[in-house]
2 protein chains.
Amino acid sequence: MDHNPEPRKTRIQTENEARILDAALDAFSLHGFRGATVDQIAEGAGMSKPNLLYYFRRKQDIYEALIDRLLDTWLEPLESLNENGDPIPELRMYIRRKLEMSRDFPRESRLFANEILQGAPRITRMLETRLKELVDEKSEVISGWMKAGRLNKADPRHMIFSIWSTTQHYADFDVQVRAVLGPDRGGDGRFEDAARYLETLFLDGLKPRP
Amino acid sequence: MDHNPEPRKTRIQTENEARILDAALDAFSLHGFRGATVDQIAEGAGMSKPNLLYYFRRKQDIYEALIDRLLDTWLEPLESLNENGDPIPELRMYIRRKLEMSRDFPRESRLFANEILQGAPRITRMLETRLKELVDEKSEVISGWMKAGRLNKADPRHMIFSIWSTTQHYADFDVQVRAVLGPDRGGDGRFEDAARYLETLFLDGLKPRP
DNA sequence: ATAGAGTTTTATCAAACAGTCAATTTCCGT
DNA sequence: ACGGAAATTGACTGTTTGATAAAACTCTAT
């Protein structure tokens, strides 16, 4: 007996929803929720506004679908921080993966940045539950490494913040980074420079040792 | 002969412009340029919309006045990095002052973050000239310190980025920081924790030394 | 090939928006 | 106290915005 079955999606539905979400990511990541318009998204997706609203009845529905879809991807690098690994390689890997995400998914990074910047009205609960629990758990891991003398002692939560901020900076403040570095260091060279610098910073710091 | 003299401002004019800019800072820092509305700003400033537009004829004029007014304050800490000082105290001071600015002027930080995040359409020129020149100049200073062995060798421009991102994070991502830290570490305790952590990170890094 | 579900468009709406204008009220130096 | 400048307001305009309704069209399983 299949009562109330999951409505299975048609080919057109799948395609159009994907095109809408892609266009919406462009718009929302650049202008935030309020600044982006449905017309804009519809044009980006190559369809009329009423047709777009046939797939997502309200503007907010598109936005929420986007956020839901991106959350797992976004938190995955931290989730895979392995308690049983060596702290230094684990850390190095985490930083590199976050930096790669800034390079490969800058729109996603800006979407979250916009949401937080604007007070996170739509994801406060998530921040206080899922995100907090994940950070609490991984802070314990890091704290354990520190107590065992395998990492310098420092506040693990602020340490996570510093990894987030330094890596996401290259996506969120891309325009500024480009302007300051000038046209010379574009492309992959820039990414490698950033990776090398962050490794030095996080492992060795800036104070010379005798 | 005083031809075309500067129109001197009345008391009311001075007061109202200040109230408008303050309300505008609230609105723009929270919603960005497109997301903020003139009605909203007028209400925040406690006056009618036509009256507000009597002082600033266009929405964009308010925004530009705000940015102009804030730029000097914002760049001052980097500008006062002193070539002839000791690198470590200079660095420590710069980080602390940037962190204090995030604590004392979070709205200003968010305003800039919003502008950059949305592609910096109104300040691209400034980024490519004034900001780039300042960073170039101070990068030379830092580079000199490194060549003299007074700082670890690392890319000075990325070093500046990392100081900006880690300190501004506490203003721009305040909601997230609060959610993750929980209600316990509120107020000044949080600030001191961050200051202590960043000092450890930037000076010593996280890898333990024998 | 065709019926019915699925898709798209035209036309339209009310609310929100930035900005204008003329008329009124308040301020302030004399 | 008064006259002109400065300040304030209500009423309004044209546009953009999110959203709806109904009609027309297209796809697909049988």
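Every chain is numbered from 1, with letters handed out A, B, ... down the list of sequences. Keep in mind that the numbers below use all heavy atoms, side chains included, and drop hydrogens, waters and symmetry copies.
Protein chain B touches strand DNA chain D; the 5'-most and 3'-most nucleotides with an atom under 4.0 angstrom of its non-hydrogen atoms are D:dA6 to D:dT17.
Looking at heavy atoms from C-beta onward, B:P156 lies out of side-chain contact with B:W145 at the 4.5 angstrom threshold.
Of the side-chain N and O atoms in A:Y54, none sit less than 4.0 angstrom from OP1 or OP2 of C:dT8.
A salt bridge is defined here as a Lys NZ or Arg NE, NH1 or NH2 lying under 4.0 Å from an Asp or Glu carboxylate O, and B:R130 with B:D72 meets this definition. Using a cutoff of 4.0 Å between basic side-chain nitrogens and carboxylate oxygens, B:D22 and B:R107 are scored as salt-bridged. Salt-bridge annotation for A:E15 and A:R19: absent, with no side-chain N of the basic residue lying under 4.0 Å from a carboxylate O of the acidic one.
Residues B:A171 and B:R110 come closest through the heavy atom pair O-NE, 3.1 Å. Of all non-hydrogen atoms in A:V135 and B:V180, the two that sit nearest each other are CG1-CG1, 3.5 Å.
Residue A:E15 contributes atom CD, which lies 16 Å from atom P of C:dG6 at whole-angstrom precision.
Within 4.0 Å of B:F56, counting heavy atoms only, lies no atom of the nucleic acid at all.
Annotation: salt bridge (charged side-chain N to carboxylate O under 4.0 Å, His left out) contacts of A:K98 (sequence neighbours excluded): none.
Only one option out of B:S102, B:S109, B:S29 pairs with B:D172 in a side chain to side chain donor-acceptor pair (under 3.5 Å); it is B:S109.
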* Going 5' to 3' along nucleotides 11-30 of chain C, which nucleotides have protein heavy atoms under 4.0 Å from the base (write B), which only from the sugar-phosphate (write S), and which from neither (write -)? -> B-----SBBBB-----SS--
